[in-house]
Number of protein chains: 2
Amino acid sequence: MGRWEPNAYERLQEAALELFGERGYERTTVEEIAARAGLTERTFFRYFTDKREVLFGGSKDLAEVIVAAIGGAPKELGPLDTVAVALEATSPIFEARRAHARKRQAVVASHAELRERELIKLSSLGDAIAESLRRRGVAKVAASLVAEAGIAVFKSAFERWVSDTKKHELAHHVRETLADLRVAAAEGTAVAAVRTAPRPSRSARRTST
Amino acid sequence: MGRWEPNAYERLQEAALELFGERGYERTTVEEIAARAGLTERTFFRYFTDKREVLFGGSKDLAEVIVAAIGGAPKELGPLDTVAVALEATSPIFEARRAHARKRQAVVASHAELRERELIKLSSLGDAIAESLRRRGVAKVAASLVAEAGIAVFKSAFERWVSDTKKHELAHHVRETLADLRVAAAEGTAVAAVRTAPRPSRSARRTST
DNA sequence: CTCCTGATGTCAGAACCTGACATCACGGGT
DNA sequence: ACCCGTGATGTCAGGTTCTGACATCAGGAG
């Protein structure tokens, strides 16, 4: 038996989520979170740079799983399908914690400060995806674009999953959302064929890879 | 002559930008900003909810201009072109303040806290765009998608404009970026034709408007 | 002339976050 | 068995952000 209770990090995360649920994000202090975890405010800030960050510990794992899945995806897939497959690969991470994810989502949605943090996490996830695609030979502009589209799909799919009473897996919603996106894109007017388009910029005319 | 110097709001914005440039965002306190503007810390917080917010006063105008432009765009345009035209309509706002915009951009880019704020502003701008598109009869899913694409275009175009030594207008870069996007999309693999796609979700199969 | 209004100031205090230093069980080396 | 280094935690002091409550006072309305 160690000198201290183990898993301080997880205890803090749990205590925080509980308290945010009970009293709301604003009305719970870091000191209270630490106390419920049997620790000190100072220790909280050793594990998390921020009060907000305690809700975003998982985003690193998420990015890793997605990047790995992109790297291991079959070469025949187009970029968007590659990203979709990678997003589906995160399904197991969430499937075990549906209730937890729902609570977390409610808290994040309820406070602008937390939505900001979520957005920047998704943004850097997008950067990571774009980078992975480029490593597979996708041109820079296309990689960024597809990555952004992938993020959009993920956001939407995740929302559907969280509020899905039928308990479909996240992967299911990713596929559905992607299909929706393709319908919207194929409706012709959305991402239209080159119509009155001016010449693309020089950077886009460079050969890819 | 009034009791106080006029334009407290603008004075605060200017003082903040100057100081952020001189010492960096973190190392300038709100008290210093207020002092340079000839005011008090307390007064600063009457004008801005946040230390960050002092750099984002313009985002409301921006959204208004874009929404208005979408409302007034020719009906023949497809949704993406509509958004592009609306983005171009913001050109005059920025053209007068190229130097100012560059300074601001550098400060925002230098600090994660500020990038977070920028992202949430762009996100709500995206919501406003999607809403405007829906009012023109664009289906919900398509509207969101096109809005996100529009935001992506705007971000990229703005970066190009800020670092453009040739002094092309923002509108020019919007057109170029959009063309790049279309090239990427048309490369076939990016937003591919309906291939192995599963059936779209019920919501997407609903009739639009 | 008086009174009200609204922009600003003053003050106190809570909460967030950081640096510096102290504590002390545990485990390894001798 | 003893000593010592290490690492997780605690304690303390202090700066900064942000808010509520109340005070001030020029200028305009009546």
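All chains are named by letter (A, B, ...) in the order of the sequence lines, taking the proteins before the strands, and each is independently numbered beginning at 1. Bear in mind that the values here come from a model prediction, so they are computed numbers and not experimental data.
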- Compute the centroid of each ring, for F158(A) and then for F94(A), and state whether the two points are separated by less than 6.0 Å.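 Yes; F94(A) has its ring centre under 6.0 Å from that of F158(A).
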Whether [X] side chain and [Y] backbone form a donor-acceptor pair below 3.5 Å:
X: R136(B); Y: A73(B); result: yes
X: S163(B); Y: E159(B); result: yes
X: K51(B); Y: Y25(B); result: yes

Over how many whole Å does the gap from [X] atom [atom1] to [N] atom [atom2] extend?
X: E113(B); N: dT16(D); atom1: CD; atom2: P; value: 14 Å
X: R27(A); N: dT19(D); atom1: CZ; atom2: C1'; value: 16 Å
X: E31(B); N: dT17(D); atom1: CD; atom2: P; value: 9 Å
X: E26(B); N: dG15(D); atom1: CD; atom2: C1'; value: 13 Å
X: R3(A); N: dG7(D); atom1: CZ; atom2: P; value: 14 Å

- Query: What nucleotide, of dT11(D), dG7(D), dT16(D), holds the atom closest to the side chain of T40(A)?
  - Reply: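 When the side chain of T40(A) is considered, dT11(D) is the closest of dT11(D), dG7(D), dT16(D).
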- Is the cationic atom of R11(B) (NZ for Lys, CZ for Arg) positioned less than 6.0 Å from the six-membered ring centroid of Y47(B) and within 45 degrees of its normal?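 No - R11(B) does not lie over the ring of Y47(B) by the 6.0 Å and 45° rule.
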- Query: Counting just side-chain N and O atoms, does Y47(A) come under 4.0 Å of either OP1 or OP2 of dT9(D)?
  - Reply: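 Affirmative; the distance criterion is met.
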- Phosphate-side-chain proximity, T43(A) and dG10(D), N/O vs OP1/OP2 below 4.0 Å: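 For dG10(D), OP1/OP2 do have a side-chain N/O of T43(A) under 4.0 Å.
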- What are the two closest non-hydrogen atoms of E118(B) and R104(B), and how far apart are they?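 Scanning both residues, the minimum pair turns out to be OE1-NH2, 3.3 Å.
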- Measure across L114(B) and F56(B) and return the closest heavy-atom pair with its distance rounded to 0.1 Å.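 In this case the closest contact between L114(B) and F56(B) is O-CZ, 3.5 Å.
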I'd like a table of atom pairs between the protein and nucleotides 2-6 of chain D - only N or O on both sides, under 3.5 Å - with the distance next to each one.
none

Atom pairs, protein N/O to nucleotides 17-21 of chain C N/O, distance under 3.5 Å:
| unit_1 | atom_1 | unit_2 | atom_2 | d |
| --- | --- | --- | --- | --- |
| dC17(C) | OP1 | D50(A) | OD1 | 3.4 |
| dC17(C) | OP2 | K51(A) | N | 2.9 |
| dG19(C) | N7 | R42(A) | NH2 | 2.8 |
| dG19(C) | O6 | R42(A) | NE | 2.7 |

